[in-house]
Amino acid sequence: MNVFYVLNGRKLKKYFLIAIAVVFSIGIIYAERDNITVFAPQQPAAIYSVPTEKKVVALTFDISWGDKRTEPILNVLKEKNIKQATFFLSSPWSQSHPDIVRKIQEAGYEIGSHGHKHDNYSKLSDEEIRKQITTAHTILSNITGKQPNLIRLPNGDFDKRVLRIAEELQYKVIQWDTDSLDWMNIGTDNIINRVVTRAHPGDIILFHASDSVKQTHEALPVVIDQLREKGYDFVTVTDLISQTEIDGKTVQDKATSAFPQLDAAASDY
């Protein structure tokens, strides 16, 4: 009889330890639910570029303030016969400059969201993230008559929560593989060299059209000419993604950074 109780005591101890381990694991999973990828192999991803052998790139322009730089950039695109490009517009700027928004739209360029409040969304609550994206969506839809489905988050900042909420709102989060660093005004030649040497098939290239950039309209014509000399064509982000989806390939994601622009600034010109 004693042996019987000893064996059961060992089993009970074993089961007790297993139960503790299970509870502990559940606690970890719950606490880290937004960062765990093991159980969610198809989590939302930000798009930096697309895998393709075609020599196509997407020129993209972020705008969040000012009214002096956008039109010179639009003039360059027109002069260079660039019929496809993507502009990411903040909704407060769009409200203040509906005439420029219409010029972008009338030129045939794609318009995506650049959010509402220009803040790091990874620091916001789920409710506030949703509010920022939906507020911008409503404003841009009212101005353009079309519902955007691409978003480039302010400062390029996001985490897995932001990606999840954006996907729930039927948005694709668009980053970039080549940063022109035009927002740093590093010099026309540096902007040109940086973009032309780093561009690759399927690349998403980041420019800005806010008043903070003073050299983009000077660098852009040369960038376009030199990329064309290399055999590149220019498409919208949506067209870039569509080509990849038609080929049946998966759009690739990269490790996210809370401050990708600062990371890029730290690299060589």
For the residue pair Trp93 and His97, categorise the inter-ring angle as parallel (less than 30°), tilted (30 to 60°) or perpendicular (more than 60°). parallel
Between Trp176 and Gly156 the two heavy atoms that sit nearest each other are CH2-CA, 3.9 Å
Beyond-backbone contact of Leu220 with Leu77, side-chain heavy atoms, under 4.5 angstrom: yes
Hey, is the main chain of Val213 close enough, under 3.5 Å, to the side chain of Arg69 for a donor-acceptor pair? yes
Any residue meeting side-chain contact (heavy atoms from CB on, under 4.5 Å) with Ser141, in chain and number order, not counting sequence neighbours: His137, Gln147, Pro148
Evaluate the side-chain proximity of Asn120 to Phe158: yes if any heavy-atom separation is below 4.5 Å, no if none is. no
Validation row: Val173, Ile47 side chains within 4.5 angstrom (heavy atoms): no
Given 3.5 Å as the limit, does a donor-acceptor pair link the side chain of Lys55 with the main chain of Lys230, or not? yes
Between NE2 on residue His116 and CD on residue Glu128, distance to nearest 0.5 Å: 9.0 Å
To the nearest 0.5 Å, tell me how far Thr70 OG1 sits from Phe61 CZ. 10.0 Å
Can you measure from OH (Tyr109) to NZ (Lys103) and round to the nearest 0.5 angstrom? 13.5 Å
Contact summary for Asp62 and His114, nearest pair of heavy atoms: OD2-CE1, 3.7 Å
Nearest heavy-atom contact between Ser212 and Asn185 is O-ND2, 3.0 Å
Donor-acceptor pair, distance only, cut-off 3.5 Å: does the side chain of Gln226 make one with the backbone of Val196? no
Just wondering, do Leu169 and Thr134 contact through their side chains at under 4.5 Å, heavy atoms? yes
For residues Leu227 and Ala199, report the shortest heavy-atom separation together with the two atoms involved. CD2-CB, 3.7 Å
Could you check whether any side-chain N or O of Asp157 sits under 3.5 Å from a backbone N or O of Ser122, counting only pairs where one atom can act as donor and the other as acceptor? yes
For the side chain of Thr52 and the backbone of Gly202, is there at least one donor-acceptor N/O pair under 3.5 Å apart? no
Side chains of Ser49 and Asp203: any donor to acceptor distance under 3.5 Å? no
Just wondering, do Gln105 and Ile111 contact through their side chains at under 4.5 Å, heavy atoms? yes
Could you list the residues that satisfy side-chain contact (heavy atoms from CB on, under 4.5 Å) with Pro221, not counting sequence neighbours? Val76, Lys80
Measure the shortest side-chain to side-chain distance between Leu150 and Phe88 over non-hydrogen atoms and say whether it is less than 4.5 angstrom. yes
Distance in Å, Thr238 OG1 paired with Lys172 NZ, rounded so as to fall on 0.5 Å steps: 7.5 Å
Do Thr216 and Asp182 meet the criterion of a side-chain donor-acceptor pair at a distance under 3.5 Å? yes
Could you tell me the separation between the CD1 atom of Ile143 and the OG atom of Ser94, rounded to the nearest 0.5 Å? 5.0 Å
Residue pair Gly115 / Tyr121: nearest heavy atoms and the distance that separates them: CA-OH, 3.5 Å
Evaluate the side-chain contact (heavy atoms from CB on, under 4.5 Å) criterion for residues Glu110 and Gln84: first the C-alpha distance (whole Å), next the side-chain angles of each, then the deciding distance (0.1 Å), finally the verdict. CA-CA 7 Å; Glu110 180 173 49; Gln84 293 185 305; over 6 Å; no
Please test Asp67 against Asp211 for side-chain contact (heavy atoms from CB on, under 4.5 Å), starting from the C-alpha separation and ending with a verdict. CA-CA 7 Å; Asp67 58 6; Asp211 280 6; 4.1 Å; yes
Check the pair Arg161 / Asp126 against salt bridge (Lys or Arg N to Asp or Glu O under 4.0 Å), numbers first and verdict last. CA-CA 7 Å; Arg161 291 183 308 116; Asp126 287 14; 2.5 Å; yes
By salt bridge (Lys or Arg N to Asp or Glu O under 4.0 Å), Arg228 pairs with (sequence neighbours left out) none
Would you mind reporting whether Phe87 and Ile63 have side-chain heavy atoms less than 4.5 Å apart? yes
Taking it one step at a time, do Val56 and Phe234 satisfy side-chain contact (heavy atoms from CB on, under 4.5 Å)? CA-CA 6 Å; Val56 289; Phe234 302 93; over 6 Å; no
Contact check, side chains of Leu74 and Ile104, non-hydrogen atoms, under 4.5 Å: yes
Which heavy atom in Arg194 sits nearest to a heavy atom in Ser180, and how many Å separate them? CD-O, 3.6 Å
Backbone N or O of Tyr48 within a donor-acceptor pair of the Asp177 side chain at under 3.5 Å? no
With side-chain contact (heavy atoms from CB on, under 4.5 Å) as the test, would you mind laying out the steps for Val57 and Ile204 before giving the verdict? CA-CA 6 Å; Val57 295; Ile204 297 174; over 6 Å; no
Spatial distance of atom CZ (Arg130) from atom CZ (Arg164) [nearest 0.5 Å]: 7.5 Å
Between Thr60 and Arg152: side-chain donor-acceptor atoms closer than 3.5 Å: yes
Between the main-chain N or O of Ile186 and the side-chain N or O of Asn190, is there a donor-acceptor pair closer than 3.5 Å? yes
Side-chain donor-acceptor pair present, Thr236, Asp239, cut-off under 3.5 Å: yes
Distance-only, no hydrogens or angles: does the Ser210 side chain make a donor-acceptor pair with backbone N or O of Ser64 under 3.5 Å? yes
